[in-house]
Amino acid sequence: MPADPDNAFTLPASLYTDNDILKLEYQAIFESHWQLVGHIDQLKAIGDQLICQVGRIPVVVVRNSSNELKAFHNVCRHRAGPVAIKNANDKVLRCKYHGWTYTLDGELRSAPEMNSTPHFDVCQYHLPQAKIETWQGFVFVCINESPPALDDLLEGIQQTILPIDLSTFSFSHRDEYLIDCNWKVYMDNYLEGYHLPHVHPGLNKLLDYRSYDTILHRWHSYQYSPLDNPETDDSNFYGDGQAHYYCVFPNLMLNILPGRLQTNIIIPDGVEKTKIYFDYYYDNMGAKETESLIAKDREFSDEIQEEDIMICEQVQKGLNSGSYQAGRLCMKRESGVLHFQDLIRHSLKSAYTDD
Ligand code: FES
Ligand SMILES: [Fe+2]
């Protein structure tokens with residue numbers, strides 16, 4: 001049952017500091033929901049292999065000889081070695097430990113020097129599969145066999161952002177950050193514009209705080225704001241249009257501005273450490289204007305990210321302090337935080353009940 005918005009409190013501090021909660025989250029959240037792992041451009045040719053991590057499980061995505069995408073646990077059936085250690089192109093998946101070799105359909109084909117081992121038959125071994133789907137050229141993987149439909153998670157996004165068409169965008173670059181806070185601190189921070197005037201003076205100039213609004217969907221929340229007129233505000237180098245900020249449960253952000261998409265993937269790396277990948281995609285790659293947009297965009301995004309990192313790391317210290325249990329949420333500005341935290345509460349509760 002969703003929390004009562006008239007009496008909405010945050011999650012308790014212990015959910016941001018407890019190792020057992022993180023273990024439960026890996027299973028009940030990261031391995032139960034779709035995770036964005038890359039772009040179809042990385043998997044164009046037969047034999048292309050892309051490595052990634054889904055919850056606790058190393059995964060390799062391949063394009064097999066029938067030209068289909070497949071995802072397998074990147075964990076050899078011999079002694080748990082990796083069958084792929086980097087993105088590559090090969091006809092097979094060959095374990096880097098003792099050379100057991102799997103087809104691109106995950107079947108074990110050969111195992112060196114195992115002929116004389118009694119009761120051993122290569123036919124009995126295959127890599128466990130994960131589910132895989134694509135959306136607008138983005139590749140998603142899920143460990144759970146019956147996750148919510150990917151289309152439901154992303155419902156309405158492409159229509160809302162028209163005339164922007166994400167399927168025409170191409171990858172430009174990735175920036176990585178490792179920060180000292182629980183992954184949910186970073187999520188909570190993303191989900192509200194309440195902190196804009198206090199934490200992001202530069203971004204606050206570009207957006208219209210008074211028109212900034214949040215719309216809630218089943219599995220994602222949508223924050224948006226018109227951009228200042230580029231003719232009268234020279235801090236707007238993006239052009240005419242809107243800022244669209246989508247937070248897709250559990251850990252994906254799509255930040256869409258005219259001609260540009262930045263995806264943020266938020267991965268726990270311990271209870272108080274979080275890895276963040278910023279992947280940048282642009283329409284019209286290679287054009288001169290795009291090159292200048294990329295340079296300015298990167299610099300501006302980095303400035304905003306430094307501001308967010310600073311406040312998130314301070315919040316983690318507050319949560320660790322023992323001085324704070326939970327706080328009231330501002331329903332005018334923090335409905336997205338409540339929505340996300342409700343999904344977390346629900347996922348953790350179901351995992352407890354199932355155990
Ligand atoms: S662990 Fe893969 S071959 Fe030994
Ligand atoms: Fe922020």
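Just so you know, these numbers come straight off a predicted model, no measurement behind them. Every number for a ligand or one of its atoms is a count from 1 in the order of the listing.
- Ring geometry for Tyr245 against Tyr190 counts as perpendicular: the plane angle is over 60°, on a 0 to 90° scale with 30° as the lower cut.
- Atoms of ligand 1 found under 4.0 Å from any heavy atom of Gly99 (numbered from 1 in listed order, with element): 3 (S).
- With 2.8 Å as the limit, His78 counts as an N, O or S neighbour of atom 4 (Fe) of ligand 1.
- Counting the atoms of ligand 1 from 1 in the order shown, those under 4.0 Å from a heavy atom of Trp100 are 3 (S).
- The backbone N or O of Val122 sits nowhere less than 3.5 Å from a side-chain atom of Arg109 that would complete a donor-acceptor pair.
- The cationic group of Arg77 does not satisfy the cation-pi geometry with Tyr125, failing either the under 6.0 Å distance to the six-membered ring centre or the 45° limit from the ring axis.
- Listed by number with element, the atoms of ligand 1 under 4.0 Å from a non-hydrogen atom of Cys95 are 1 (S), 2 (Fe), 3 (S).
- In this structure, the side chain of Gln158 engages the main chain of Ile164 through a donor-acceptor pair within 3.5 Å.
- Counting backbone and side-chain atoms alike, Cys76 contributes no N/O/S atom closer than 2.8 Å to atom 4 (Fe) of ligand 1.
- Not a single N, O or S atom of His98, from either the backbone or the side chain, sits less than 2.8 Å from atom 2 (Fe) of ligand 1.
- For Asp308, the nearest N, O or S atom to the Fe ion (ligand 2) falls under 2.8 Å.
- Listed by atom number, the atoms of ligand 1 under 4.0 Å from Gly81 heavy atoms are 1 (S).
- From the protein, the heavy atom lying nearest to atom 1 (S) of ligand 1 is Arg79 N, 3.2 Å.
- Using a 4.0 Å cut-off to heavy atoms of Tyr97, the atoms of ligand 1 that qualify are 1 (S), 4 (Fe).
- Judged by a 6.0 Å distance limit and a 45° cone about the ring axis, Arg328 is positioned over the six-membered ring of Phe9.
- Salt bridge status for Arg260 with Asp297: present, with a side-chain N to carboxylate O gap under 4.0 Å.
- Between Trp135 and Phe138, the ring-plane angle classifies as tilted under the 30° and 60° cut-offs.
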